[in-house]
Amino acid sequence: MKGLQEMEINTLISKDSKKTQIHYKILNENFYSSIRREITEKRLSYLSEASKKLPLPSLFGKFTSDSHYLATVDLFIKATEETRNRGTFFLKQIIPSLQSYGKLLDIGPGNGMLTKWVGRKFKDITLIDPVPQVLENILPSFFSKKTALKKINQSFLQTILPKNYFDLIILSHVIYHFPEEKWIDVVKKALVSLKPNGILAIVINSGLDREKLGDNFKGKTYPIEDLILKSSQLNKKIEIFSSRESFYAKDLTTMLHICGLHLHDLKGEAVQNDLEKYIKSNYLLGEDTYKMEMFQHFIIIKNDPIENY
Ligand SMILES: C[S@@+](CC[C@H](N)C(=O)[O-])C[C@H]1O[C@@H](n2cnc3c(N)ncnc32)[C@H](O)[C@@H]1O
């Protein structure tokens, strides 16, 4: 998908005869404007140093171990304000609209940064991740002393969870790890565990340079429209917010690692030589400075029948 547009969503939804209600909003610069910029010269120099210590994979898009993957995730999230913006979105848009702050489920918490920001409000936090190291890295000290922290080392679809239990379920940059035909099952399973009035927040990157990178290196184009269409048939209130995000690097090695992780999400792969050429001809901003762009979409599903709105 080359970036979701309001018109596209309206067309998409009107294809479906079932009455539904979807609000769509582009988040512009003003939404994040009160926040200090993170990508400074100092940060870019730090990334250049850190990327030199990270082994270059023989095939970009593949990782040799969980620790190689996690170290690349760490570099990746420091090269963009997308993570910080994601946190801001949850704090400004999602948290204030919740009716209670009892129980949070974070599926695939990654480095736990988003969990840490959002989780401070909650009394009970459950984390699900198939990678043991991910769960080990997220410590009780990230949260309030009174917070109960539970960790489930499994894939989400294999996990048995209580019904009507969570106030908020986060599925942020995780859905790519499930086969596309299972995406709607993931959404339905999450909704069963959500309290009435609870919120399921799905975050997905797509479009622009990321989409083109995937297309160029035999990656997947993810069926986001299809997910929205199928979710709209579940008789729930849906809101979609999108913001344009960028990744920056001051050297080619950092950009190679960033693209390697995007390719991993997109199930594409590239040898170093081809990826270097592609980066130089598509992302070069100035002398040894690179930028790539994409959309970050937030699909917010409220667990209430549509009649209540
Ligand atoms: C890119 S990270 C997401 C980080 C975090 N949610 C955020 O938004 O910053 C993807 C996470 O999904 C986890 N993951 C992969 N397959 C999964 C599955 N089947 N069930 C749950 N989590 C999964 C990975 O181990 C990793 O922690």
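Both ligands and their constituent atoms are indexed starting at 1 by order of listing.
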Quick one: ligand 1 N/O to protein N/O pairs below 3.5 Å?
residue: ligand 1; atom: 6 (N); partner: Gly108; partner atom: O; Å: 2.7
residue: ligand 1; atom: 6 (N); partner: Ser172; partner atom: O; Å: 2.8
residue: ligand 1; atom: 8 (O); partner: Arg86; partner atom: NE; Å: 3.1
residue: ligand 1; atom: 8 (O); partner: Arg86; partner atom: NH2; Å: 3.4
residue: ligand 1; atom: 8 (O); partner: Ser172; partner atom: O; Å: 3.4
residue: ligand 1; atom: 8 (O); partner: Ser172; partner atom: OG; Å: 2.5
residue: ligand 1; atom: 9 (O); partner: Arg86; partner atom: NH2; Å: 2.8
residue: ligand 1; atom: 19 (N); partner: Ser155; partner atom: OG; Å: 2.8
residue: ligand 1; atom: 20 (N); partner: Phe156; partner atom: N; Å: 3.1
residue: ligand 1; atom: 25 (O); partner: Asp129; partner atom: OD1; Å: 2.6
residue: ligand 1; atom: 25 (O); partner: Asp129; partner atom: OD2; Å: 3.2
residue: ligand 1; atom: 27 (O); partner: Gly110; partner atom: N; Å: 3.1
residue: ligand 1; atom: 27 (O); partner: Asp129; partner atom: OD2; Å: 2.6

Pair up each side-chain donor or acceptor in residues 41-57 with any protein partner under 3.5 Å, not counting sequence neighbours, and list the distances.
residue: Arg43; atom: NH1; partner: Lys78; partner atom: O; Å: 2.8
residue: Ser45; atom: OG; partner: Glu41; partner atom: O; Å: 3.0
residue: Ser45; atom: OG; partner: Lys250; partner atom: NZ; Å: 3.2
residue: Ser48; atom: OG; partner: Leu44; partner atom: O; Å: 3.1
residue: Ser48; atom: OG; partner: Asp251; partner atom: OD1; Å: 2.8
residue: Glu49; atom: OE2; partner: Lys52; partner atom: NZ; Å: 3.0
residue: Ser51; atom: OG; partner: Leu47; partner atom: O; Å: 3.3
residue: Ser51; atom: OG; partner: Ser48; partner atom: O; Å: 3.0
residue: Ser51; atom: OG; partner: Thr254; partner atom: OG1; Å: 3.0

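The pair Asp185-Lys189 fails the salt-bridge criterion, with no side-chain N (NZ, NE, NH1 or NH2) lying under 4.0 Å from an Asp/Glu carboxylate O. Between Glu293 and Arg244 there is a salt bridge, with a side-chain nitrogen of the basic residue lying less than 4.0 Å from a carboxylate oxygen of the acidic one.
Ser206 pairs in a side chain to side chain contact (heavy atoms under 4.5 Å, CB included) with only one of the listed residues (Glu211, Met294, Gln296), which is Glu211.
Remark: the Glu245 side chain and the Ser243 side chain contain an N/O donor-acceptor pair separated by less than 3.5 Å.
Between His264 and Tyr69, the ring planes lie tilted relative to each other; the angle falls in the 30° to 60° range.
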